[in-house]
2 protein chains.
Amino acid sequence: MTATPTPRVTIKDVAARAGVSKGAVSLAFNRKPGLSEATRDRIFAAARELGWSPSTTARTLAGSRVDVVGLAVCRPARLLGLEPFYMEFISGVESVLVERSCALLLRLVRSPEEEVGLLESWWRGRQIGGSILVDFRSDDPRPAVARRLGLPVVAVGHPSLTGGLTSVWTDDATAVAEAVRYLAALGHRAIARVGGAAELGHTSIRTAAFDEAVGALEPATRAWQVATDFSGDAGARATRTLLAAPAGERPTAIVYDNDIMAVAGLSVAAEMGLRVPQDVSLLAWDDSQLCRLTRPTLSAMSHDVHGFGAEVARTLFGTLTGDGPGSHPVPTPVLTPRGSTAPP
Amino acid sequence: MTATPTPRVTIKDVAARAGVSKGAVSLAFNRKPGLSEATRDRIFAAARELGWSPSTTARTLAGSRVDVVGLAVCRPARLLGLEPFYMEFISGVESVLVERSCALLLRLVRSPEEEVGLLESWWRGRQIGGSILVDFRSDDPRPAVARRLGLPVVAVGHPSLTGGLTSVWTDDATAVAEAVRYLAALGHRAIARVGGAAELGHTSIRTAAFDEAVGALEPATRAWQVATDFSGDAGARATRTLLAAPAGERPTAIVYDNDIMAVAGLSVAAEMGLRVPQDVSLLAWDDSQLCRLTRPTLSAMSHDVHGFGAEVARTLFGTLTGDGPGSHPVPTPVLTPRGSTAPP
DNA sequence: GCCCCTCACTGAACCGGTAAAGTCTCAATT
DNA sequence: AATTGAGACTTTACCGGTTCAGTGAGGGGC
């Protein structure tokens, strides 16, 4: 990108105006000792008058902190656009970053390999001071990479997936179990789950938890699970397949892995002439505002996604300031019954 | 943020390994003339072996391009999470940025003033090479600021709003007119519009266009307009108010400014015992996948938001490489009739 | 009155690149 | 044989900060 026509004001100008050396200005702005109160004030005054603030670029180059956090998201763009989750998550992250006047470098990547490459070049190029890692898969290469590079990261995902990295996670297994128990308690004996992308670690966790929760119910209970790609279309397809079976051989309740798919499921049920919740109960996940806008409203496993993002950012700052690896569970999603669930 | 434990490989290492000066390495990596083919190859080989790529920080400081684009979004986080528009827009922007290995610096701000301050400090600190400006208001301060700073920007909004900056825009006025004409052609004589935030420039444009379009219809036609904040809740409230009037005194068709509000409207209509589209027609805007997931499906003014973002990014690159100010309209949203519109 | 310390601040080196000016070599021109 | 010029690099001076080894003044102790 091209040059700047603006006459930049630099540390030198401030130093000159305050009648000190640039070293002194640097000391003042980094709150380091060795300056008298008077000089410090004079320097700040000069900076204010000139409208100067230190260049992060120069600062970074000179070897101090990098106040940028990286976030690479690896999902097809088409889906990202739809997931209320991410925007809410990002806004939570941001809410903490701003307080520390730290910026978020966002990049959508197409493959885990591309993400690894990106992290390497970001880190080597000192573009970021740390990174948030999301969407863990089994045998995810990123823990090893982060460790090799010495890149400070926080992993969003269950500790079993994140290879010993500091992690922030929701207890999806417990939440799935709660969802299943809730539906069973309503009287459902034929429960399906429309899951997310199979390659994602948290999908496996939920899948296993679903199996286990169903196993703990009375033996006559039937269960189905389908993997999708999180898109509404996939959710609609999965729902159609599940509900196509004759009455008595199809699920009477369906749990979805996000809310977009649940919305899609709602329409499919209607299209097939089934009433929600009388003929089939639907339970969404993540609970964005969307769940309250449908008719019937969607019961959901709800979850403070904004707060989740904020906690992730806080944890990253902790890591950056020397906290050792740790595991930070955030509150388990809680069942929020609304209009889409009822006894069969 | 803390130091790096990684032994960094720099241009000097590459130079040493290739047996040249660092100036030569710089020439090679910037594809400048003055090096023999052989030397160039040797340098690239050395860089590859060492896994080196130039530090953008150092590059930036040394006064060449800054390969980061800024985007500050000023809307309450709560709403952002819901707007499929933004994520899709961002993914479109990204799709072009990656090709130029350029990053997107994203920040959510709370006020236009904060955004102006951010742009100043980003630019002064050489954090960004250019910026994308969205959500113009009347008397928006940003055109003046961008001009004063010499900050290369592209404004997303109608030229009448963007104060002479290079702009990329959709012809909302024409689209609104098309929507109104379509509804009128179906036979509607009582048409409402649930608009977005009143302070936003494009809302005013749509509001005026709606008035004008309605004025061109037969005199008996009645019209309503409501301003909201783009949230589903606000959309629901507005719809409820509009439809609360006795039959004959309420709109038979409603146009929404985004799709979230249209989804909300759908439920409100159902809740009030009105059938869509028989009793009331609904028309959404922006047409994310959501519109195809509801029942009935939502007719919408549809709009390639991803492509819009891509065009914005391309235009910004144009500006950065010296293109003068210009106005870049992207295709007008087109009416996509689905199940939510019909004759009254 | 001398020595030693501390405090407040300066100067220069450095971070990892870019860019412009300088040097060297060698072939073509006169 | 001397001049010129182009090509291929190297040297050097920044960019805007940070950091650290000085430096000089002033105060306290004896």
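Below, read A as the first sequence line, B as the second, and so on, with proteins coming before strands; counting in each chain starts at 1.
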**Study point:** Partners meeting side chain to side chain contact (heavy atoms under 4.5 Å, CB included) with A:Ser26 (sequence neighbours left out)
**Key:** A:Ile11, A:Asn30
Point to revise | A:Arg107: partners by salt bridge (Lys or Arg N to Asp or Glu O under 4.0 Å), with sequence neighbours left out | key: none
Going by atom type alone, with no hydrogens or angles, which donor-acceptor pairs under 3.5 Å involve a side-chain atom of residues 157-166 of chain A and a protein atom two or more places apart or on another chain?
{"unit_1": "A:His158", "atom_1": "ND1", "unit_2": "A:Ser160", "atom_2": "N", "d": "3.0"}
{"unit_1": "A:His158", "atom_1": "ND1", "unit_2": "A:Ser160", "atom_2": "OG", "d": "2.8"}
{"unit_1": "A:Thr166", "atom_1": "OG1", "unit_2": "A:Gly326", "atom_2": "N", "d": "3.3"}

Check your understanding: With sequence neighbours excluded, what pairs up with A:Arg314 under the side chain to side chain contact (heavy atoms under 4.5 Å, CB included) test?
Key -> A:Val96, A:Ala310, A:Glu311
Review point. So what is the end-to-end bend of the helix from C:dG1-D:dC30 to C:dT30-D:dA1, with 5 pairs used at each end and the value given to 10 degrees?
Key: 60°
Exercise for review: Apply side-chain hydrogen bond (donor to acceptor under 3.5 Å, both in side chains) to A:Thr56 and list each qualifying residue two or more places apart in sequence or on a separate chain.
Suggested key: B:Gln127
Check your understanding: Can you name the residues that form a side chain to side chain contact (heavy atoms under 4.5 Å, CB included) with A:Arg40, not counting sequence neighbours?
Key -> A:Ala28, A:Leu35, A:Glu37, A:Phe44
Practice item. Name all pairs fulfilling the ring-ring contact (aromatic ring centres under 6.0 Å, His included) condition that reach into residues 101-120 of chain B, sequence neighbours left out, sorted by first residue then second. Key: none
Check your understanding: What residues, two or more places apart in sequence or in another chain, satisfy side-chain hydrogen bond (donor to acceptor under 3.5 Å, both in side chains) together with A:Thr10?
Key -> none
Point to revise | Which residues share a side chain to side chain contact (heavy atoms under 4.5 Å, CB included) with A:Ser111, sequence neighbours left out | key: A:Glu113, A:Glu114
Show the distances under 3.5 angstrom between N or O atoms of the protein and N or O atoms of nucleotides 8-12 of chain D.
{"unit_1": "D:dC9", "atom_1": "OP1", "unit_2": "B:Thr39", "atom_2": "OG1", "d": "2.8"}
{"unit_1": "D:dC9", "atom_1": "OP2", "unit_2": "B:Ser36", "atom_2": "N", "d": "2.7"}
{"unit_1": "D:dC9", "atom_1": "OP2", "unit_2": "B:Ser36", "atom_2": "OG", "d": "2.8"}
{"unit_1": "D:dC9", "atom_1": "OP2", "unit_2": "B:Thr39", "atom_2": "OG1", "d": "2.7"}
{"unit_1": "D:dT10", "atom_1": "OP2", "unit_2": "B:Ser21", "atom_2": "N", "d": "2.8"}
{"unit_1": "D:dT10", "atom_1": "OP2", "unit_2": "B:Ser21", "atom_2": "OG", "d": "2.9"}

**Study point:** DNA chain C contacts made by residues 45-58 of chain A, counting heavy atoms under 4.0 Å
**Key:** none
